[in-house]
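Here the structure is a predicted model, which means the values were calculated and not measured. For this chain, numbers begin at 1 and follow the sequence in order.
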Amino acid sequence: MSDDEEYCFEGYDDDVEDYGGDDGSNGGGEAGQADEAGNDLENSYAICKYEMTTNPERSEAGFKSVIENDTEKGKWTWKATKMLTRLFQQQQRYPEMLASFEGLVKFQWSGRNVLVLDKAVTKFVDRCE
């Protein structure tokens with residue numbers, strides 16, 4: 001038996017089963033729309049974060065837009081609020097920084113626990129020193 005014959009599987013295509021895996025389409029259902037909205041928020045957030053040093057005004061407007069467009073008021077609102085607080089601190093806009101920080105401390109969502117809040121506050125304080 002040659003190497004070619006050893007690995008020849010006759011009728012292989014006939015035996016392949018469709019396991020119903022993800023074909024990349026979202027089917028247009030509500031879950032697909034929620035994923036798309038989450039991706040839009042994530043992309044907007046990433047662009048704003050990248051532009052913080054080069055275009056802070058646009059970055060600020062973008063973070064505020066992420067907060068407004070996050071219908072779940074969850075992860076992306078939390079992250080955008082943290083970055084707004086940092087941006088205000090870098091620009092020495094202390095009244096706005098304190099208001100944003102207060103909103104961050106009072107913010108409630110399922111992914112924010114005491115450890116996440118503690119980490120955010122510690123990082124913020126370290127940057128202020």
Side-chain angles (χ1 to χ4, degrees):
M1 179 186 260
S2 71
D3 287 339
D4 292 334
E5 292 174 336
E6 186 176 337
Y7 296 107
C8 180
F9 299 103
E10 290 183 29
Y12 176 74
D13 292 334
D14 296 334
D15 295 335
V16 175
E17 295 181 26
D18 182 11
Y19 290 104
D22 185 14
D23 63 354
S25 66
N26 63 15
E30 288 182 29
Q33 291 172 352
D35 288 345
E36 187 175 317
N39 289 339
D40 290 345
L41 290 172
E42 182 176 6
N43 290 338
S44 296
Y45 171 83
I47 291 168
C48 295
K49 187 175 177 180
Y50 178 76
E51 292 182 333
M52 275 182 58
T53 55
T54 59
N55 195 344
E57 294 82 18
R58 184 173 171 183
S59 184
E60 177 184 349
F63 285 132
K64 288 179 179 179
S65 176
V66 168
I67 292 168
E68 289 173 16
N69 293 324
D70 186 6
T71 57
E72 296 175 6
K73 298 300 179 206
K75 174 182 179 179
W76 297 112
T77 299
W78 169 259
K79 287 179 166 249
T81 304
K82 284 194 316 184
M83 295 311 289
L84 268 178
T85 305
R86 184 187 301 179
L87 182 66
F88 292 146
Q89 185 224 356
Q90 289 172 350
Q91 294 178 334
Q92 298 178 355
R93 294 166 54 189
Y94 299 120
E96 289 141 316
M97 178 194 73
L98 289 174
S100 181
F101 184 75
E102 183 178 345
L104 190 69
V105 171
K106 292 180 179 179
F107 188 76
Q108 296 292 321
W109 70 289
S110 62
R112 197 216 84 177
N113 58 33
V114 175
L115 297 176
V116 171
L117 179 61
D118 184 49
K119 180 180 175 183
V121 170
T122 301
K123 279 184 155 183
F124 179 76
V125 170
D126 288 345
R127 281 190 192 94
C128 290
E129 294 180 332

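Within a 6.0 Å radius of CZ in Arg58, other residues, nucleotides and ligands contribute 12 heavy atoms or fewer. In the displayed structure, Lys123 atom NZ is contacted under 6.0 Å by at most 12 heavy atoms of other residues, nucleotides or ligands.
Going from atom CD of Glu102 over to atom OG of Ser100 covers 10.0 Å, rounded to the nearest 0.5 Å. Between the NZ atom in Lys73 and the CH2 atom in Trp109 there is a gap of 13.5 Å [rounded to 0.5 Å]. Rounding to the nearest 0.5 Å places CZ of Arg127 at 7.5 Å from CD of Gln89. Here the OH atom belonging to Tyr45 is positioned 9.5 Å from the OG atom belonging to Ser59, to the nearest 0.5 angstrom. For the atom pair CG of Leu41 and OG1 of Thr71, the computed distance is 7.5 Å after rounding to the nearest 0.5 Å. Between the CG atom in Leu84 and the CE atom in Met52 there is a gap of 8.5 Å [rounded to 0.5 Å].
The two atoms that bring Val66 and Ala80 nearest to each other are CG1-CB, 3.9 Å, heavy atoms only.
Under the 4.5 Å side-chain heavy-atom criterion for grouping Ile, Leu, Val, Met, Phe, Trp and Tyr, Ile47 is not connected to Trp76 through any hydrophobic cluster. Under the 4.5 Å side-chain heavy-atom criterion for ILVMFWY residues, no single connected hydrophobic cluster contains both Tyr50 and Leu87.
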**OP:** Carefully, step by step, assess Arg86 and Lys82 under the rule side chain to side chain contact (heavy atoms under 4.5 Å, CB included).
**Re:** CA-CA 6 Å; Arg86 184 187 301 179; Lys82 284 194 316 184; over 6 Å; no

**OP:** Could you check Phe107 against Thr77 for side chain to side chain contact (heavy atoms under 4.5 Å, CB included), going step by step and ending with a plain yes or no?
**Re:** CA-CA 9 Å; Phe107 188 76; Thr77 299; 3.4 Å; yes

Original post:
Does the pair Phe63 and Lys49 meet the rule for a side chain to side chain contact (heavy atoms under 4.5 Å, CB included), with working shown?
Top reply: CA-CA 8 Å; Phe63 285 132; Lys49 187 175 177 180; 4.3 Å; yes

**OP:** Could you check Phe88 against Tyr94 for side chain to side chain contact (heavy atoms under 4.5 Å, CB included), going step by step and ending with a plain yes or no?
**Re:** CA-CA 7 Å; Phe88 292 146; Tyr94 299 120; over 6 Å; no

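The shortest side-chain heavy-atom distance between Gln91 and Pro56 falls under the 4.5 Å cut-off. Between Leu117 and Val114 the shortest side-chain heavy-atom distance does not fall below 4.5 Å. With contacts defined as side-chain heavy-atom distances shorter than 4.5 Å, the pair Trp78/Leu104 qualifies.
Thr85 contributes a side-chain N or O that, together with a main-chain N or O of Thr81, makes up a donor-acceptor pair within less than 3.5 Å. For the pair Asp70 (side chain) and Gly74 (backbone), a donor-acceptor distance under 3.5 Å is present.
Ring planes of Phe101 and Phe124: parallel class, angle under 30° (limits at 30 and 60°).
With sequence neighbours excluded, no residue satisfies side chain to side chain donor-acceptor pair (under 3.5 Å) with Lys119.
Salt bridge Glu60/Lys64: present, at least one basic N to carboxylate O contact under 4.0 Å.
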